[in-house]
Each structure stands twice: as structure tokens, then as C-alpha cells.
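Reviewing the structure listed below.
In this text, all values refer to a predicted model and were calculated from it rather than measured experimentally.
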Amino acid sequence: GISLVKSLHILYTQEENKKSKAVLLSIYEEVQKGKSFSDVLAQKPGVFPDLFCSMVAAGEASGTLDQILTRISDHFANANKTANKVKGAMVYPIILLVLALAVIVLMFTMILPIFAENMEESDMTALTKAMMAFSDSLVNYWYIYVIVIGIIMLFFWVGQRIPAMKLKMDEMLLKIPKVGALIATIYTGRFARNMSNLYAAGLQMVDCIEKSVSVLGNTYVNKKFEEVVDNIKLGESMSKAIEKTEIFEGMFTSIIYVGEESGTLDTILAKAADYYEEEGDAAIGKLVGMLEPLMIIIMGIGIGLV
């Protein structure tokens, strides 16, 4: 029941972070001058997501800003919870990876050279010679390995910035056996949640689709959904257009079809989002679960060979 200007003033006075406080003060002053809340938010690039600005604009237009803000709050709270869950789950595999690499490098640079000094080359098997040669190269030509790793990292870094390469890399990500299906499940949950929120806020179907897909961060999916938008503009149903992309599973497109036929698309998408977000959490758990034994296997092979 408090006015928007007063609410912004309360947020500003309670904020302790200097950067956030400066942003809130700017918003408060602009809104106080008569500018619309959504326009002011849109003029803060890099501060508020496009999805947030669009929903605020829809809330202002429909006079349901309070309800829309509550819906946005729930959405970003859940997204933050998922992100924190992923970060927490990744800690153990990362520690294992660092430990595995450290142990392998230590054994090849510190332990194997000691054995090499006490062995005649004629007594060595082919595997032993290969191991000793690798150990020697690691000790004497370590900079070559550093350069190669640097080039690989640079390749991926550049690949993320060249549209054609990023498109191909994003497509390959979805086609990795098992992993691709798990990632598609995570995308389905995010897409359904964003679509539900935007459609309920009163945005046009095409706008809902474009904004929902853009937050997935996959250029291959974005490219596929350009065709979806074109087909919908030509009069095709959303469920049929999405089914042609073959990105989401058949059950999800069936759910969209039921929502379209019954006129309850926002409600049924919200229920689908609940289901797929739960499946997405399980998918993240599986992806992380795959990494742990992989790290142990890498370490085991290195130590086993020595």
C-alpha cells in the first residue's frame, strides 16, 4: 500500500552497498520526476535483466505491478537458489581435478626422474621408456605444455566471441550423448518458467518467446527459435512450431498444446516449470555426479601407469 516513490526511498535508505545505493538513488530521483519505473530500469544497462524490465513494463501497463513484482521476486529467488546449488555441487569435483593434476605432475616431475637415474635403458619396457620420455619432456620442456594449454584456452575464449564458432559449440553441447539431454531438461524448466511469467504479465506471445529463449544463453537454441517466431507470425500454433525444433521433449510440446487448447497456457506452463525445474535440479546432480568418478579415474590411471 506504500507508493512507488516512497518504496524506492525506503530501499535507498536501507541499502548499505555504495554502488547499489547510487543506482537506487538515481532510480528514486528519476521516478520522482515523473518518468515511468520501467523506462528508468531500462536505462540502467548491466544492472537489471531484460526479462525484469519487460515484466515491470507489463505490470505498469496492466495496473498489476505489485503482483508482477511478487512473481518476479519468486522467479529470481529460485534462479539464485539453483545457481548456488550448482556452485556448491561443483566444489568437490574441482578440488578433485586440481588434486589429480597436482599428484600426476608431482609423480612425473619428482618421483620418476629418481627411478630413471637407477635404471639402464636396455632394461626398460616400451611403456617404461614412453613414461620416462614424457617425464623428461615435462621437466625440461614444461613451457611447451603451458603454451599448448594457453592456446586451447584461447581457442575456447575466442570461440565464445565469434558468432559462427559459438553457434557450432552450443549445438555440439546439446548433442553430447546423455549430457545433451540433461542440459535440454534444464533449458526446458527455465523456458517454461520465463514463458509462464511473461505470458501471465500480458506480453505478446512473440515477445514472450523471444525473451524466454534469450535468457537460456545458447545461440543454437536462439537460432532455432527464430524459425519458431517466424512460423507463429504466419499463423502456426506455438506447440507445433516448437515441436519442429526438436530441442524440447515431446511431452513438453504436448503440455503447451493442452494449454493453448484450454486457454490456460500461463497456468499449465507454471506447472510444467515446477516439474522441469525439479528434473533440472536432478539433471545438475547427475552432471556433477559424472564428474566425480571421472576425476578419480584420471588420477587412478596416472598413478597406475607410474
Side-chain angles (χ1 to χ4, degrees), residues 42 44-55 75-76 78-80 82-83 85-87 90 150-199 203-234 236-253 256 269 272-273 276-277 279-281 283-284 286-288 290-291:
K44 308 291 179 193
V47 178
F48 300 102
D50 185 41
L51 179 75
F52 177 61
C53 299
S54 299
M55 288 187 69
H75 168 76
F76 282 107
N78 288 331
N80 192 50
T82 302
K85 197 180 289 182
V86 173
K87 287 175 186 174
M90 285 300 294
I151 290 170
I152 293 169
M153 290 174 69
L154 183 65
F155 172 79
F156 281 104
W157 184 83
V158 171
Q160 290 296 309
R161 282 152 183 80
I162 297 174
M165 284 182 68
K166 182 166 172 54
L167 180 68
K168 199 66 185 172
M169 287 164 71
D170 286 346
E171 182 183 357
M172 288 170 63
L173 185 67
L174 285 169
K175 292 183 177 179
I176 300 171
K178 297 288 184 183
V179 174
L182 296 176
I183 291 169
T185 302
I186 295 167
Y187 285 166
T188 307
R190 288 181 189 169
F191 177 80
R193 179 65 66 200
N194 293 329
M195 272 295 297
S196 169
N197 288 333
L198 291 167
Y199 192 72
L203 269 72
Q204 294 293 320
M205 177 68 76
V206 169
D207 289 338
C208 292
I209 292 171
E210 287 176 341
K211 292 181 188 302
S212 297
V213 170
S214 66
V215 299
L216 299 180
N218 187 299
T219 52
Y220 174 72
V221 177
N222 289 353
K223 188 76 175 173
K224 282 283 187 181
F225 267 80
E226 286 176 9
E227 298 171 20
V228 171
V229 169
D230 290 340
N231 290 335
I232 289 172
K233 286 178 179 177
L234 291 172
E236 193 170 43
S237 68
M238 178 182 164
S239 55
K240 193 70 179 173
I242 289 177
E243 186 180 13
K244 287 179 181 178
T245 64
E246 297 182 349
I247 291 168
F248 302 133
E249 63 178 16
M251 188 176 79
F252 181 62
T253 53
I256 295 172
L269 278 171
Y276 280 104
E277 280 174 354
E279 289 292 299
D281 286 345
I284 290 166
K286 287 177 183 176
L287 284 171
V288 173
M290 288 178 187
L291 290 174

So, taking the atom named [atom1] in [X] and the one named [atom2] in [Y], what distance separates them when rounded to the nearest 0.5 Å?
X      : Y      : atom1 : atom2 : result
Asp230 : Phe225 : CG    : CZ    : 12.5 Å
Gln160 : Asp170 : CD    : CG    : 6.5 Å
Lys244 : Asn231 : NZ    : CG    : 5.0 Å
Arg190 : Leu216 : CZ    : CG    : 7.0 Å
Glu171 : Ile247 : CD    : CD1   : 9.5 Å

With side chains defined as the heavy atoms from C-beta onward, is the minimum distance between [X] and [Y] less than 4.5 Å?
X      : Y      : value
Asn194 : Lys211 : no
Ile183 : Ile176 : no
Leu203 : Ser54  : yes
Met195 : Met205 : yes
Asp207 : Leu198 : no

*Would Val215 and Phe191 satisfy side chain to side chain contact (heavy atoms under 4.5 Å, CB included), going step by step from the backbone distance to the final call?*
CA-CA 8 Å; Val215 299; Phe191 177 80; over 6 Å; no
*Donor-acceptor pair, Ser212 side chain versus Ile209 backbone, under 3.5 Å?*
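Not confirmed, Ser212 side chain does not pair with Ile209 backbone.
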*asked:* Counting only heavy atoms from other residues, nucleotides and ligands, does the tally under 6.0 Å from CD of Glu236 exceed 12?
replied: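 Enclosed: over 12 neighbouring heavy atoms sit under 6.0 Å from CD of Glu236.
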*Counting heavy atoms not belonging to Phe248, are there more than 12 under 6.0 Å from its CZ?*
yes
_Counterpart residues, side-chain contact (heavy atoms from CB on, under 4.5 Å), relative to Phe76 (two or more places apart)_ = Pro49, Leu51, Phe52, Ile72
